[in-house]
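Accompanying notes for the structure given below.
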Amino acid sequence: MNALVVLAHQNAEGSFCGALANLAVETLEAAGMNVVLRDLYAEGFNPVLTQEELALAKENVSGALLDDIEQVLATDLFVVIHPNWWGMPPAILKGWIDRVIRQGFCYAFTADGPVRKLEGRKAIVFTTGNTPQDIEVQINGDPLENLWKNIVFKTVGVDDCTRINFASVIMSSPEERAKWLEDAKSLLIEKSK
């Protein structure tokens, strides 16, 4: 089985997002999965979807973009890790979705309705925030829950999606963060089966 870990944190080394990514790679490899880590900031991923790229016919997509799309199509378990920025993922991750989770490859629209091409896959989304979760939900609802479960993953056929928000990172103790990592590890092990 193949796992794709997508990390979007501008300073991952030493961050809780970075710790989650390292944990995901170690845990999933120990479970026997083939794991690819995409650290979008470290790679310098270009999030800009140009008009020229958008206009490309499916058969004309090539190079690094096609490699990224094929990696997604070969993935059994997606693990996405990012901080909550204004109720959204960082722009670099939104750009990755725009450019890689492509219509025609990952989903399509037909006269009979949408075609979800990633049926049967699983996803875990780990988000971090500095606003306590209960306050975030009370004030803003939970836009990241809706984005990942219903807008992104459900559209392409990934109905088995679990999201955990770890908050407040800035106010957490080392003991709380250790417990969060244990919770994350348990979920990773469960989804790797």
Side-chain angles (χ1 to χ4, degrees), residues 1-49 53 56 58 61-83 89-107 116-128 144 147-149 151-166 180-181 183-193:
M1 288 181 57
N2 298 315
L4 176 60
V5 179
V6 181
L7 172 63
H9 191 286
Q10 77 285 9
N11 189 21
E13 190 174 325
S15 73
F16 192 68
C17 282
L20 286 165
N22 292 336
L23 175 75
V25 171
E26 292 167 10
T27 302
L28 297 174
E29 285 180 345
M33 297 191 82
N34 300 314
V35 182
V36 173
L37 171 63
R38 297 293 308 274
D39 183 340
L40 300 180
Y41 280 97
E43 295 173 15
F45 180 81
N46 179 0
V48 178
L49 174 62
E53 187 175 284
L56 282 176
K58 182 178 175 182
V61 173
S62 63
L65 179 59
L66 182 59
D67 293 344
D68 286 349
I69 294 167
E70 288 177 344
Q71 190 172 66
V72 165
L73 294 173
T75 295
D76 301 295
L77 173 61
F78 298 91
V79 180
V80 179
I81 303 163
H82 69 85
I92 198 168
L93 181 53
K94 176 59 169 70
W96 183 84
I97 295 166
D98 291 347
R99 293 187 67 211
V100 177
I101 310 297
R102 293 285 293 244
Q103 182 175 337
F105 290 93
C106 299
Y107 67 99
R116 302 171 346 134
K117 297 187 176 188
L118 299 180
E119 294 275 353
R121 320 298 170 88
K122 300 176 187 178
I124 301 171
V125 179
F126 294 127
T127 57
T128 62
L144 288 172
L147 171 74
W148 288 111
K149 281 189 168 182
I151 297 170
V152 176
F153 283 121
K154 192 171 189 175
T155 296
V156 297
V158 181
D159 293 325
D160 185 350
C161 176
T162 303
R163 176 177 158 260
I164 298 178
N165 185 51
F166 298 105
W180 292 344
L181 289 172
D183 293 344
K185 184 174 184 174
S186 295
L187 181 59
L188 288 159
I189 291 168
E190 175 189 324
K191 292 278 190 176
S192 69
K193 296 176 182 176

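Everything numeric here is computed off the predicted structure, so don't read it as measured data. Residue numbers run from 1 in the order of the sequence given.
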Specify the closest pair of heavy atoms between Met33 and Ala3, including all atoms of both residues, with the distance to one decimal.
CE-CB, 3.9 Å
State, to 0.1 Å, how close Val100 and Cys106 come at their nearest heavy-atom pair, and which atoms those are.
O-SG, 3.9 Å
Residue set satisfying ring-ring contact (aromatic ring centres under 6.0 Å, His included) with Phe166, at least two apart, ordered chain then number -> Phe16, Phe126, Trp180
Measuring only between side-chain heavy atoms, which start at C-beta, is Phe153 closer than 4.5 Å to Val80?
yes
side-chain contact (heavy atoms from CB on, under 4.5 Å) partner of Val79, chosen from Leu7, Leu20, Leu188
Leu188
Under the side chain to side chain donor-acceptor pair (under 3.5 Å) rule, what pairs show up with a residue in residues 12-33, not counting sequence neighbours?
none
Apply the test side chain to side chain contact (heavy atoms under 4.5 Å, CB included) to residues Leu77 and Leu28: give CA-CA distance (whole Å), side-chain angles for both, the deciding distance (0.1 Å), then the verdict.
CA-CA 10 Å; Leu77 173 61; Leu28 297 174; 3.8 Å; yes
Between Thr155 and Tyr107 the two heavy atoms that sit nearest each other are O-CB, 4.0 Å
Greater than 12 external heavy atoms within 6.0 Å of Lys185's NZ
no
Are side-chain heavy atoms of Thr162 and Val125 found at a separation under 4.5 Å?
no
NZ of Lys191 to CZ of Phe78: how many Å apart, nearest 0.5 Å?
12.5 Å
Leu147 side, atom CG; Ile97 side, atom CD1 - distance, nearest 0.5 Å
6.0 Å
Would you indicate whether the side-chain heavy atoms of Ile189 and Lys193 approach each other to under 4.5 Å?
yes
Check: Asn2 side chain, Asp76 main-chain N or O, donor-acceptor pair, under 3.5 Å
no
Just jot down the salt bridge (Lys or Arg N to Asp or Glu O under 4.0 Å) partners of Lys122, sequence neighbours excluded, or say none.
none
Hey, could you give me each pair passing side chain to side chain donor-acceptor pair (under 3.5 Å) that has a residue in residues 94-105? Not counting sequence neighbours.
Glu53-Arg99, Lys94-Asp98
Might you confirm whether atom NZ of Lys154 has over 12 heavy atoms from other residues, nucleotides or ligands at distances under 6.0 Å?
no
Would you compute the distance between atom CG of Leu144 and atom CG of Asn165 and round it to the nearest 0.5 angstrom?
7.5 Å
Quick one: pull up CD1 in Ile124 and CG in Asp160 and give me the separation to the nearest 0.5 Å.
8.5 Å
If a pair satisfies salt bridge (Lys or Arg N to Asp or Glu O under 4.0 Å) and one of its residues is in residues 40-49, list it, with sequence neighbours excluded.
Arg38-Glu43
Residues in salt bridge (Lys or Arg N to Asp or Glu O under 4.0 Å) with Asp159, at least two apart?
Arg116
Over all atoms of both residues, closest heavy-atom pair of Val61 and Leu66:
O-CD2, 3.6 Å
Tell me, do Leu40 and Pro90 make a side-chain contact under 4.5 Å, heavy atoms counted?
no
Compare all side-chain heavy atoms of Leu73 with those of Leu118 and state whether any distance is below 4.5 angstrom.
yes
Stepwise, does the side chain to side chain contact (heavy atoms under 4.5 Å, CB included) test hold for Val156 with Val72?
CA-CA 11 Å; Val156 297; Val72 165; over 6 Å; no
So, the side chain of Arg163 versus the backbone of Thr127: is there a donor-acceptor pair under 3.5 Å, distance only?
no
Phe105 side chain near Lys58 side chain, heavy-atom distance below 4.5 Å:
yes
Nearest heavy-atom neighbours spanning Ala31 and Ser192:
CB-OG, 3.5 Å
